[in-house]
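For reference, the structure is listed below as structure tokens.
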Amino acid sequence: MAQPLRLLLVEDSENDALLVIRELRKGGFDVDWERVFSADSLVHALDRRAWDLIIADYSMPGFTGTEALRLVTARGLDLPFIFVSGTLGEDTAVDAMKSGAHDYLMKGNLRRLVPAIERELREASVRKQSRHMEQRIQYLAYYDELTDLPNRALFRNRLEQALALARREQRTFALMVLDLDHFKEINDTLGHHAGDLVLKQVATRLRAVLRESDTLARLGGDEFALLLPSLAQEGPDVVARKLLEALEPPIAVEGQRLEVRASLGVVLYPQHGASPDTLLQRADVAMYLAKEQRSGASVYAPHLDRHSPLRLSMGAELVQAIASDDLQLHYQPLVDLRTGAVLGVEALARWAHPQHGPLAPERFVQIAEQTGSIRQLTNWVLRTGLRQCAAWRAAGLPLRLSANLSARSLEDDLPDQVARILADAGARPDWLQFEITETVLMADATRGSEVLARVHGMGVGIALDDFGTGYSSLTYMSRLPIDVLKIDRSFIVDVERGTDEFIVKAVIDLAHNFGLRVVAEGVETAPVLDRLRALGCDAVQGNLIAPPQPPGAFSAWMASWTGLPVLLEEGEPPAPS
């Protein structure tokens, strides 16, 4: 089948143009072409439609090929541009290439035309995919993939800009934090897919209430933040009421009508704080107060701020829970896509607080970070997980433990701590793998890289987690001592529809070129798993395989696991647990 080619010929000779077209058709191209020979006709052709390639006569009376190239370049078009000429000397050819042309040919010898065009079209396709991939990664660094809202990083940037402007102009503004009530029940009952649909509809409804100058962001999970830089027309109480009213109509998800309610905390600058951290923290305090009082919305009040004592109290309770083994580790398997074998488990901490109930890991990990107990928590995860790993290995299950590493754990004495914990657990270094995000590493890139290199030198594996959501520099893969790259769930969810397939494929190929294994996180449907297998991904992790489970349940799941079938059918359940 002939390859379609949209060709724009800048040529004053119709006969010469027909020679080029004939050569291309002989070479297997189905050419859709147009001939122009003036600046006006070139501009008109570029405005009217898209082109795959431009071939221009280098020297024409009244309008030269170099003038045509300047017009194309000025428009920012990255199109293969090839010069042809009847009399092109060596010096002229060099000048032509320096001006930005991709190749040059002699009209009397067009045998190189087809190979040159095939090469340039391939290279143009690679450039286009590379640009698309970098743009996509940049987008995900600042926007939430699910809701298309600004993420935490971009929201903080806009908050800092609002603070600078408000200080300079002595203005006030409002900040709100909104959290959905009982959202976990939706995920647990209907699944994460239904939860994602709810979040998308919530984002749409909230955005419809706000003005163009306001910023609505998704901070993560079911938590949103709102920045109202101008309060001239409506006070924050009016906006808060409108936001909550927008969520009152039931949300339809997969044939079910769900009642979704929210709690909202409000702070004002400068009354309630003068820094991004203080304002966000106090908005969070007000939001939790609204949740406790079931009032819908609450404005921050210093005399009601129990956050500091609560934080200190919960920090002390967390230390006690660690010392008393009152926390629990759940384990989620990582499965080889080629063999179906379980390669290892990721250890995920859980805390059922006696007064506050089950706390999301992000909640108590944040407390550990704030109160300085993160190292105790990390050490507990390693001790507990490696002992369990040793027990599984003694039972004939050669599993490797993956554990997350925070910025505060990247201290100079980390290798010594790891060596002691490995010895106490009777474990070898190659039984352990640390997972670290780009964002965590960049907290202190130089020291972090040095500490990781020392840990890696012991034989401990290193995985770059949540790839694509942090600083996203592909050069990390050549500079860091990493073995595994974990593609973030935000890239994976749309692979089934083909939205991010070429990005995932490009990342997989690039990682393989660096000698890295690739793990896809958040795999929840059979079609996504099958596409990842076809794209060459090495391993997967997600609820389709198994959710995080306590040790006993995981051991039972392992006993029943028979591996991945060659092709999972749509709607087929995962292996029994």
Salt-bridge contact Asp277-Arg156 (side-chain N to carboxylate O under 4.0 Å): yes

So, taking the atom named CG in Asp144 and the one named CZ in Phe155, what distance separates them when rounded to the nearest 0.5 Å? 13.5 Å

For the pair Glu245 and Arg205, evaluate salt bridge (Lys or Arg N to Asp or Glu O under 4.0 Å) and give the outcome as yes or no after the intermediate values. CA-CA 10 Å; Glu245 287 174 352; Arg205 292 188 184 187; over 6 Å; no

Between atom CZ of Arg158 and atom CG of Asp214, what is the distance when rounded to the nearest 0.5 Å? 11.0 Å

If the plane angle is over 60° it's perpendicular, under 30° parallel, otherwise tilted; pick one for Tyr331 and Trp392. perpendicular

Could you walk me through whether Asp430 and Val460 pass side-chain contact (heavy atoms from CB on, under 4.5 Å), step by step? CA-CA 5 Å; Asp430 60 345; Val460 175; over 6 Å; no

Any side-chain heavy-atom pair from Val285 and Tyr300 closer than 4.5 angstrom? yes

Between His353 and Glu317, is the side chain to side chain donor-acceptor pair (under 3.5 Å) condition met? List the steps. CA-CA 9 Å; His353 193 280; Glu317 290 169 352; 2.5 Å; yes

Using modelled atom types only, decide if a donor and an acceptor are shared between the side chain of Arg218 and the backbone of Gly221 within a distance under 3.5 Å. yes

Holding to side chain to side chain contact (heavy atoms under 4.5 Å, CB included), I want the full list of residues that pass it with Asp222, two or more places apart in sequence or in another chain. Asp179, Leu180, Phe183, Leu199

Minimum side-chain heavy-atom gap Thr215-Pro150 below 4.5 Å: yes

Which atom names give the shortest non-hydrogen contact between Ala283 and Val267, and what distance separates them? N-CG1, 3.3 Å

Donor-acceptor pair, side chain of Thr339 and main chain of Ala341, under 3.5 angstrom: yes

Is there a side-chain contact between Glu435 and Leu405 (heavy atoms, below 4.5 Å)? no

Under the salt bridge (Lys or Arg N to Asp or Glu O under 4.0 Å) test, residues paired with Arg387 that sit two or more places apart: none

From CA spacing to verdict: side-chain contact (heavy atoms from CB on, under 4.5 Å), Arg400, Leu432: CA-CA 6 Å; Arg400 189 185 205 189; Leu432 175 63; 6.0 Å; no

Please name the residue in the list Lys486, Glu346, Gln433, Gln541 that meets the side-chain hydrogen bond (donor to acceptor under 3.5 Å, both in side chains) test with Ser402. Gln433

Is any side-chain N of the basic residue among Asp483 and Arg517 closer than 4.0 Å to the acidic one's carboxylate O? no

Specify the closest pair of heavy atoms between Ile492 and Gly522, including all atoms of both residues, with the distance to one decimal. CG2-O, 4.5 Å

Least distance between heavy atoms, Ala141 atom then Asn151 atom: O-ND2, 2.9 Å

I'd like to know if the side chain of Gln201 and the backbone of Val253 have a donor-acceptor N/O pair within less than 3.5 Å. no

Got a second to check how far Phe554's CZ is from Leu329's CG, nearest 0.5 Å? 12.5 Å

Which pair of non-hydrogen atoms, one from Ala546 and one from Gln332, has the smallest distance, and what is that distance? O-NE2, 3.1 Å

I want to check something: taking the side chain as every heavy atom from C-beta on, are Val455 and Phe434 in contact at a cut-off of under 4.5 Å? yes

Check: Leu216 and Phe224 side chains under 4.5 Å, non-hydrogen atoms: yes

Hey, is Lys505 close enough to Glu501 for a salt bridge, meaning N to O under 4.0 Å? no

Supply the atom-to-atom distance Leu535 CG to Leu337 CG, rounded to the nearest 0.5 angstrom. 10.0 Å

Between Thr378 and Asn404, is the side-chain contact (heavy atoms from CB on, under 4.5 Å) condition met? List the steps. CA-CA 8 Å; Thr378 300; Asn404 292 291; over 6 Å; no

Give a yes or no answer on whether the side chain of Thr204 reaches the backbone of Lys200 with a donor-acceptor pair at less than 3.5 Å. yes

Surrounding CZ of Arg338 (heavy atoms of other residues, nucleotides or ligands, distance under 6.0 Å), is the total greater than 12? no

For Trp561 and Gly340, indicate whether the former's side chain and the latter's backbone hold a donor-acceptor pair under 3.5 Å. yes

Work out which heavy atom in Ser295 is nearest to a heavy atom in Ser298; give both atom names and the distance. OG-CB, 4.5 Å

Donor-acceptor contact present, side-chain Ser555 to main-chain Pro551, <3.5 Å: yes

Output yes when a side-chain donor or acceptor of Ser560 lies under 3.5 Å from a complementary backbone atom of Trp557, and no otherwise. yes

Rounded to the nearest 0.5 Å, how far does CG of Leu485 lie from CD1 of Ile487? 6.0 Å

How long is the span from the CG atom in Leu258 to the CD atom in Glu254, to the nearest 0.5 Å? 9.5 Å

Are Val238 and Lys242 close enough that some pair of their side-chain heavy atoms sits under 4.5 Å apart? yes

Just wondering, do Glu223 and Asp284 contact through their side chains at under 4.5 Å, heavy atoms? yes

Between Trp351 and Phe364, what is the ring plane arrangement, given parallel below 30°, perpendicular above 60°, and tilted in between? perpendicular

Derivation and outcome, side-chain contact (heavy atoms from CB on, under 4.5 Å), residues Ile545 and Val342: CA-CA 10 Å; Ile545 309 300; Val342 178; over 6 Å; no

Closest non-hydrogen contact found for Arg261 with Leu247 is NH1-O, 3.3 Å

Is there a donor-acceptor pair under 3.5 Å between the side chain of Asp538 and the backbone N or O of Val518? yes

Side-chain contact test, heavy atoms from C-beta onward, threshold under 4.5 Å: evaluate it for Leu210 versus Val239 and give yes or no. yes

With Glu185 via salt bridge (Lys or Arg N to Asp or Glu O under 4.0 Å) - residues at least two apart: none

